[in-house]
Amino acid sequence: MPNPTATTGSAAPREKLRVPVHLAVTMDGNRRWAEARGRPRPEGHREGIKALRRLVEYCLRYGVPYLTVFSFSSENWRRDKSEIEFIFKLMRAFVDSDLEKLKSNNIRIRILGERKELDAGLQKIIARVETETKGNTGLNLNVAFNYGGKAEIAAAARRIVQFVLEGRIKPEEIDEELFSRMLLTGGMPDPDLMLRTGGENRISNFLIWQSAYSELVFLDEYWPDFDESLFLKTLEIFSGRQRRFGGDGPEQ
Ligand code: IPE
Ligand code: MG
């Protein structure tokens, strides 16, 4: 019998949901959300933080071990200075208001991205967040901030060359596994599910190495509208996909 709650033909029923090991999310559509309501753009970013809080809650509730969110890309510097400052201010406020709760939920936070370009205050906050959650063993929350996938790959290549120059590794030892370890996500599983809200069907330089075999899900809804029903819809779509990793058999 057809499942009347299914949102696409291939979606799995809710009781058979598969939970991803590593969910990566591009939280897009904050400004359009605000514009659609005739509200100032910063309000969209403020609502976006609330949606991020909800996403973390769902990951804890449904047992997602790794969550990576795209919060500021290295390309976002092209925006108005005032908007950039506002986004940074929101991130600082988020740490102030939420860090204790994240810590008590046993969440380990890592910030992925280029730090040297950030002001000293932000660098200090990043160091604090990472140090204070280092010993936590629950949800791994990665916040991609001033992040770009191509820059991450170039940085990994520089590290590898350095190791070769120091004689610590031989060129013939460079393989995919070693390269993966040199990325900012080194030691973590690749995302099995990548979600982007906001209606754009693009990767936009997010985890481009790591997403080689990720299932991609694009939702039209703007990020501030992200709620539990959209989270479950995403899991349903994911659960209905068959991952073959280039092979042809049914998945193990
Ligand atoms: C995503 O929303 C949040 C950030 C990139 C900081 P946008 O700010 O890109 O909002 P839209 O896509 O223009 O609506
Ligand atoms: Mg956008």
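None of the values given here were measured: they were computed from a predicted structure. One-based numbering, in listed order, for ligands and for the atoms of each.
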Any non-hydrogen atom of Glu200 lying under 4.0 Å from ligand 1?
-> no
Donor-acceptor pair, Asn146 side chain versus Gly113 backbone, under 3.5 Å?
-> no
Name of the residue among Phe206, Phe86, Phe88 meeting ring pair (Phe, Tyr, Trp, His ring centres under 6.0 Å) with Phe72 | Phe88
for atom 8 (O) of ligand 1, nearest protein heavy atom and its distance come out as Arg79 NH1, 2.7 Å
Are Arg41 and ligand 1 in contact, using a heavy-atom cut-off of under 4.0 Å?
-> no
May I ask whether Gly198 places a heavy atom under 4.0 Å from ligand 1?
-> no
Ion pair Lys50/Glu47, N-O distance below 4.0 Å | yes
Any donor-acceptor N or O pair under 3.5 Å, side chains Asn140, Arg110 = yes
Quick one: does Arg115's side chain have a donor or acceptor within less than 3.5 Å of a partner on Ile111's backbone?
-> yes
Candidate pair Ser73 and Asn205, rule side chain to side chain donor-acceptor pair (under 3.5 Å), full reasoning = CA-CA 8 Å; Ser73 84; Asn205 206 14; over 6 Å; no
For atom 11 (P) of ligand 1, the closest protein heavy atom turns out to be Arg32 NE, 3.5 Å
Is it true that a side-chain atom of Arg53 and a backbone atom of Ile49 form a donor plus acceptor pair closer than 3.5 Å?
-> no
Hey, is the main chain of Ile107 close enough, under 3.5 Å, to the side chain of Asn105 for a donor-acceptor pair?
-> no
One finds that the ligand 1 atoms under 4.0 Å from a non-hydrogen atom of Asn76 are 5 (C)
Asp28 N/O under 3.5 Å from ligand 1 N/O = yes
Nearest neighbour in protein (non-hydrogen) for atom 2 (O) of ligand 1 | Asn30 N, 3.1 Å
Cation-pi check, Arg54 onto Phe226 ring (under 6.0 Å, within 45° of axis) | no
Student check: side-chain heavy atoms of Ile125 and Arg92 closer than 4.5 Å | yes
Using only heavy-atom distances, determine whether the side chains of Gln123 and Glu117 contain a donor-acceptor pair under 3.5 Å.
-> no
Under 3.5 Å, side chain of Thr133 to main-chain N/O of Lys103, donor-acceptor pair present?
-> no
Could you grab the protein N, O or S atoms closer than 2.8 Å to the Mg ion (ligand 2) for me?
-> Asp28 OD1
Would you call Ser71 a ligand 1 contact, heavy-atom distance under 4.0 Å?
-> yes
Atom 13 (O) of ligand 1 - nearest protein heavy atom and its distance = Arg31 NE, 2.8 Å
for atom 1 (C) of ligand 1, nearest protein heavy atom and its distance come out as Met27 O, 2.9 Å
For ligand 1, which atoms, with element, lie under 4.0 Å from some heavy atom of Ile87?
-> 6 (C)
